[in-house]
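One structure below.
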Amino acid sequence: MSELKIYNTLTREKEIFKPLNAPHVGMYVCGPTLYSHAHLGNCRTFLSFDIVFRYLKHLDYKVRYVRNITDVGHLESDGDEGEDKIAKRARLEKLEPMEIVQLYAVDFHKVLDDFNLLPPSIEPTASGHIIEQIEMTKKIIENGLGYEVDGTIWFDVEKFAKTYPYTELSGRKLDEMLDGTRENLEGQEEKRGRLDFALWKKAKPEHIMRWPSPWGEGFPGWHIECSAMSSKYLGEQFDIHGGGMDLIPTHHTNEVAQNVACCKKSPAKTWMHTNMLTVNGQKMSKSLGNSFLPQQLFTGNHPLLERGYSAMVVRFFMLQAHYRSTLDFSNEALQASEKGFNRLMNALGLIPNLKTASKSSFNINELKENIYSALNDDFNTPVAIAYLFDGVKTINSINDGKEAITEDDKLVLHRLFHEIVLDVLGLKKEVSDIIDSKSPALIQTILDFRSEVKKDGNYSKADEIRKKLEGLGIQIKDSKDGPATYTITL
RNA sequence: GGUCGGGUGGCCGAGUGGUUAGGCUCAGCUCUGCAAAAGCUGCUACAGCGGUUCAAAUCCGCUCCCGACCUCCA
């Protein structure tokens, strides 16, 4: 069996994964800022890390997965006039900031549950860790890398960069970054350096969310929360830190700087970054107006959608691309995924009823190794799925009597498919609302009636029944001699 | 403008030196009362130009096109 390799943004290489304290693994992922609904692009990132979480657990690691919720401190910009995103939303909607957060937190969890994401081990909030953030800010000041200007604490990037690598993650050159920001100086006179960012912001009189600090009343900056919470729950150094690629140059770069400035240690050994979901080749984002809310996708209520798609189809669709590649969103691609998903799940359902033989006509271990080597290769789900479809073909052929399988191999196959498809990929058979406890008997009654009709030679009536059931998501499969069977396609 | 990444068959999407990726679509066949499902067969692509090599989608150079980041963004 191959070893798990993970692409590390820090080194730009795939590295063999060796936990700092095996079998324990610490993983921190930057969660959402709850000032609006999470769109599909956001979901993709959390789905990618759900696969990481699930696969590491499958490999018997004891994973502590921390994903924060930003409920304060995420500014519109790092400039002096930056306003807290949630505070702004609260002001506009005339609500308490915590009402905004609660509204979108409930929605966020509902959506991730629809997509069958496992909840993280800990989901800490920024507002619940004000003390930790203040303590960290104090240490950074003590170490000479933070300074106060009128109740606001800034991080001195240029001073930090003299001793430590500031641009390690982004791969940028500091000089060029400084050049690039020489303009737009208005409103930032407080800062010493153009790249300096706020650790703590002084609260203006009208600001609702405020806490006392050694520097007066204020609220924390955006980046400090992740530094404070990751080190609190995972220690000063842990295994994996993740997030969307767009966080690399600013948020993650500053996060590393804070940890180093505070504790002299870079927080994470491995940095994982997910790529963007695109629509017609462009990044899905709220500002471009091309974002999809999960609800719109489920119902099909969106100008770019022809109809709705289920959460599992969308999950499968996303897993057919690698997490470090962009993925383009389209009706056609979703339809393709829907059919593929149904084919995979139908094959999964066929396994228990396969007839066994004294000899297998294929090599089950080869299939197993192919699947695991794909997942071990930086969580390459599209390749793993390709191999699963090899398995699907084999399962269907056995079912047709064209291939054979032994009892032992059947157990291996059953376990393999269940563990990979259900546990690791997190896919599940979706049962439509029409299926309740009595439905199977009802459907069977209809099938029996139809076979009577067929026996009488009334094929047009039989076809009519078949067509009506198909409209309800029940697909009939006639067989030559035996009884007809059905599958649920919705 | 700067930095980085990418351009793969009708669509989505793997793949970094030599072997069929895979899914969907399309056409034909088998099966079927007819379908559906399933199986089989076919359609076999790598932006362009040049170079390295026995061998390149894969390495190097140039050109064209697209995207991300540089302001908040998963």
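Proteins get letters first, then strands, A, B, ... in listed order; numbering begins at 1 in each. Just so you know, these numbers come straight off a predicted model, no measurement behind them.
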Return the nearest nucleotide to the side chain of A:Asp400; candidates are B:A38, B:A74, B:C40.
B:A38

Provide the distance between the two P atoms, one in B:U41 and one in B:A21, to the nearest whole Å.
15 Å

Below 4.0 angstrom, which residues in residues 40-54 of chain A have at least one non-hydrogen atom near RNA chain B?
A:Gly41, A:Asn42, A:Thr45

Could you go over nucleotides 42-45 of chain B and give all protein N or O partners under 3.5 Å, atom names and distances?
none

Sorted by chain and residue number, the side chain to side chain contact (heavy atoms under 4.5 Å, CB included) partners of A:Asp156 (sequence neighbours excluded) come out as A:Tyr147, A:Glu158, A:Lys159, A:Arg192, A:Asp196

Report the residues that fulfil side chain to side chain contact (heavy atoms under 4.5 Å, CB included) with A:His302, sequence neighbours left out, ordered by chain and then residue number.
A:Phe292, A:Gln296, A:Leu304, A:Leu305

NA contact type, A:Thr326, heavy-atom cut-off 4.0 Å: base, sugar-phosphate, or nothing?
sugar-phosphate

Quick check for you: among B:C24, B:A14, B:C69, whose closest atom lies nearest to any side-chain atom of A:Ser325?
B:A14

Please check: side-chain N/O of A:Asp239 versus main-chain N/O of A:Met27, any donor-acceptor pairing under 3.5 Å?
no

So which of residues 347-356 of chain A are in contact with RNA chain B, with a heavy-atom cut-off of under 4.0 Å?
none

Holding to ring-ring contact (aromatic ring centres under 6.0 Å, His included), I want the full list of residues that pass it with A:Phe362, two or more places apart in sequence or in another chain.
none

Pair assignment for B:C31, Watson-Crick or G-U wobble, requiring both distances under 3.5 Å:
none

Could you give the distance separating B:G15 and B:G22 at their P atoms, to the nearest angstrom?
15 Å

If you count every heavy atom of other residues, nucleotides or ligands that lies below 6.0 Å from A:Lys286 atom NZ, does the total exceed 12?
yes

With sequence neighbours excluded, what pairs up with A:Tyr309 under the ring-ring contact (aromatic ring centres under 6.0 Å, His included) test?
none

Suppose we screen for side chain to side chain contact (heavy atoms under 4.5 Å, CB included). Which residues come up paired with A:Arg54, at least two apart in sequence or across chains?
A:Asp50, A:Asn116, A:Leu118, A:Arg315

Taking only side-chain nitrogens and oxygens of A:Lys88, does any of them come within less than 4.0 Å of OP1 or OP2 of B:C72?
no

Atom pairs under 3.5 Å: protein N/O with N/O of nucleotides 31-36 of chain B:
from	atom 1	to	atom 2	distance (Å)
B:U32	OP1	A:Lys480	NZ	2.8
B:G33	N1	A:Asp463	OD1	3.0
B:G33	N2	A:Asp463	OD2	3.0
B:C34	O2	A:Arg466	NH2	2.8
B:C34	N3	A:Arg466	NH1	2.9
B:C34	N3	A:Arg466	NH2	3.1
B:C34	N4	A:Arg466	NH1	3.3
B:C34	N4	A:Asp478	OD2	3.2
B:A35	N6	A:Asp478	N	3.3
B:A35	N6	A:Asp478	O	3.2
B:A35	N1	A:Asp478	N	3.3
B:A35	N3	A:Arg466	NH1	2.9
B:A36	O2'	A:Gln475	NE2	3.3

With both distances under 3.5 angstrom, what nucleotide forms a Watson-Crick or G-U wobble pair with B:G61?
B:C49

Assigned partner base of B:G22, Watson-Crick or wobble definition, under 3.5 Å
B:C12

Is any side-chain N of the basic residue among A:Glu470 and A:Arg466 closer than 4.0 Å to the acidic one's carboxylate O?
no

Contacts of A:Asn363 meeting side chain to side chain contact (heavy atoms under 4.5 Å, CB included) (sequence neighbours excluded), chain-then-number -> A:Asn365, A:Glu366

Between B:C40, B:G23, B:A74, which nucleotide has the shortest distance from any of its atoms to the side chain of A:Arg343?
B:G23

Please determine whether a side-chain nitrogen or oxygen atom of A:Asn380 lies at a distance below 4.0 Å from atom OP1 or OP2 of B:G15.
yes

Ranking B:G39, B:U25, B:A74 by distance to the side chain of A:Lys339, first place goes to B:U25

Does the pair A:Asp456/A:Lys461 count as a salt bridge with the N-to-O cut at 4.0 Å?
no

Between OH of A:Tyr387 and C1' of B:U20 the distance, given in whole Å, is 11 Å

Which whole number of Å gives the distance between the P atom of B:G67 and that of B:C62?
22 Å

B:G48 and B:U53, which share atom name P, separated by this distance in whole Å
23 Å

By ring-ring contact (aromatic ring centres under 6.0 Å, His included) - contacts of A:His37 (at least two apart):
A:Tyr104

Suppose you measure atom C1' in B:A56 against the same atom in B:G50; what distance do you get, rounded to whole Å?
14 Å

Counterpart residues, ring-ring contact (aromatic ring centres under 6.0 Å, His included), relative to A:Tyr65 (two or more places apart)
A:Phe53

Tell me which nucleotide, if any, is Watson-Crick or G-U wobble paired with B:U71 when both distances must be under 3.5 Å.
none

Under-3.5 Å donor-acceptor pair between A:Arg172 side chain and B:C69 base:
yes

For nucleotides B:U8 and B:A47, find the distance between their P atoms and express it as a whole number of Å.
7 Å

Euclidean distance for P, B:A37 against B:U25 (whole angstrom):
8 Å

